[in-house]
There are 2 protein chains.
Amino acid sequence: MIDYKNLLKENNLKVTPQRVAIMDGLDTYGHLTIDGLYKLLVDKFDSISLATIYKNLNAMVEKSFVEEVKIPNQKSVYEISKAAHSHLTCNNCGMVEDITIDLKTVIAKAKTSSDFQIDKTNLVFSGICSNCK
Amino acid sequence: MIDYKNLLKENNLKVTPQRVAIMDGLDTYGHLTIDGLYKLLVDKFDSISLATIYKNLNAMVEKSFVEEVKIPNQKSVYEISKAAHSHLTCNNCGMVEDITIDLKTVIAKAKTSSDFQIDKTNLVFSGICSNCK
DNA sequence: CTCTGTGCAAAGCGTTTGCAAACGA
DNA sequence: TCGTTTGCAAACGCTTTGCACAGAG
């Protein structure tokens with residue numbers, strides 16, 4: 001379990017119920033779209049504004065303890081930053097799942113066959129999840 | 001060199017100068033954003049509409065002989081569909097380059113360590129290109 | 001000649017911004 | 001108390017749509 005309050009404080013963001021709920025939602029569900037988050041928070045707060053979600057998500061991404069994951073043919077999802085990992089997404093139901101694969105070899109190849117300085121590797125597999133099969 | 005006219009015809013799209021120019025731009029530059037394409041075509045046509053670019057790009061992606069490439073922290077770029085490959089992008093100047101890396105091993109691992117049916121693999125490396133270093 | 005595509009203007013949507021009131025520290 | 005955050009409404013920018021005219025086949 002993650003210490004949201006401390007994570008927020010460390011990043012000079014005040015601990016508000018809305019922010020805690022955002023972190024809690026991301027931690028519980030792993031990945032959420034913006035309107036997934038909104039639907040989740042509407043139940044907890046009588047009148048939460050979409051603007052609040054945008055502002056907070058932007059601040060959290062800015063401080064880089066939350067990340068946006070861009071998925072082909074789908075809306076972006078957000079997740080709490082954790083150790084490097086890849087993603088699986090279902091083209092049918094849209095669910096997104098983490099998967100950890102060792103990419104050392106692939107990254108090494110990319111480095112030798114290009115003259116880029118490579119800082120980040122972003123890998124997304126698309127297909128059909130077991131539920132939808 | 002690609003036979004744009006035939007590609008269009010095969011997909012039941014009429015061959016118009018605008019469409020040929022879009023294909024030509026994508027072929028020449030490899031990857032273009034929507035407004036990159038627009039700026040390119042404004043020079044060739046006295047009055048081309050952004051709506052025309054959107055409609056055509058959407059039709060081409062729909063027919064899947066053009067693809068949208070989603071890049072972390074940047075605008076999407078479009079490219080003509082070709083054999084599976086990965087992408088390199090520069091966080092400084094935004095350029096996008098193709099890179100071909102054998103992903104068999106990685107895909108095999110993903111298949112065994114998940115119960116997904118994996119159809120597509122999307123890999124983007126971010127960093128700094130040689131020009132920007 | 002017929003049907004599709006283009007360009008324009010308007011509409012639509014997701015996202016951002018400005019501001020007054022509420023809240024956290 | 002002081003600076004930050006919230007919620008609302010307005011503004012914004014990107015994308016789509018409807019329609020009349022032009023162009024491809």
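Just so we're on the same page: letters track the sequence lines, and every chain starts at 1. All values below were derived from every heavy atom in this structure, side-chain atoms included, with hydrogens, water molecules and symmetry-related copies excluded.
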Which whole-number value in Å describes the distance from B:Y38 OH to D:dG13 P?
15 Å

Evaluation steps, side-chain hydrogen bond (donor to acceptor under 3.5 Å, both in side chains), between A:N58 and A:E62
CA-CA 6 Å; A:N58 288 345; A:E62 176 79 19; over 6 Å; no

Nearest whole Å is fine: how far is D:dG7 C1' from A:I22 CD1?
13 Å

Whichever of B:A51 and A:I48 has the more 5' nearest nucleotide on DNA chain D, that residue is A:I48

Value in whole Å for how far the P atom of D:dT4 lies from NZ of A:K63
11 Å

Got a donor-acceptor pair under 3.5 Å from the side chain of A:K75 to the base of C:dG14?
no

Donor-acceptor under 3.5 Å (B:T33 side chain, B:K75 main chain):
no

Is the number of heavy atoms from other residues, nucleotides or ligands under 6.0 Å of B:K120 NZ greater than 12?
no

For B:N58, report the nucleic acid contact type (base, sugar-phosphate, nothing); a contact means any heavy atom under 4.0 Å.
sugar-phosphate

Can A:T52 and A:Q18 be said to form a side-chain hydrogen bond (donor to acceptor under 3.5 Å, both in side chains), step by step?
CA-CA 8 Å; A:T52 299; A:Q18 292 87 341; over 6 Å; no

Whole Å only: how far is the NZ atom of A:K9 from the C1' atom of C:dG24?
11 Å

Residue A:R19, side-chain heavy atoms: nucleotide from D:dC8, D:dT5, D:dT16 that is nearest:
D:dT5

Could you give the CG-to-P distance, from A:L57 to D:dT6, as a whole number of Å?
12 Å

Given C:dG5, C:dG18, C:dG24, which nucleotide is nearest the side-chain atoms of A:T16?
C:dG24

Nearest to the A:Q18 side chain among C:dG5, D:dT6, C:dT17, which nucleotide is it?
D:dT6

Using only heavy-atom distances, decide whether a donor-acceptor pair under 3.5 angstrom links the side-chain of A:K5 to the base of C:dG24.
no

Checking contacts here: which listed nucleotide (C:dG7, D:dG7, D:dT5) is nearest the side-chain heavy atoms of A:T52?
D:dG7

Whether the side chain of B:H85 engages the backbone of B:D98 through a donor-acceptor N/O pair (distance < 3.5 Å, no angle test) should be reported.
no

Reckon A:N56 touches a base, only the sugar-phosphate, or nothing at all at heavy-atom distances under 4.0 Å?
sugar-phosphate

What is the distance from NZ of B:K14 to P of D:dA22, rounded to the nearest Å?
16 Å

Considering only side-chain heavy atoms of B:P17, which listed nucleotide, D:dT17, D:dA24, C:dG18, is closest?
D:dA24

I need the CG-C1' distance between B:L13 and D:dG25, as an integer number of Å.
14 Å

Round to a whole Å and report the spacing from CD of A:E62 to P of D:dT5.
13 Å

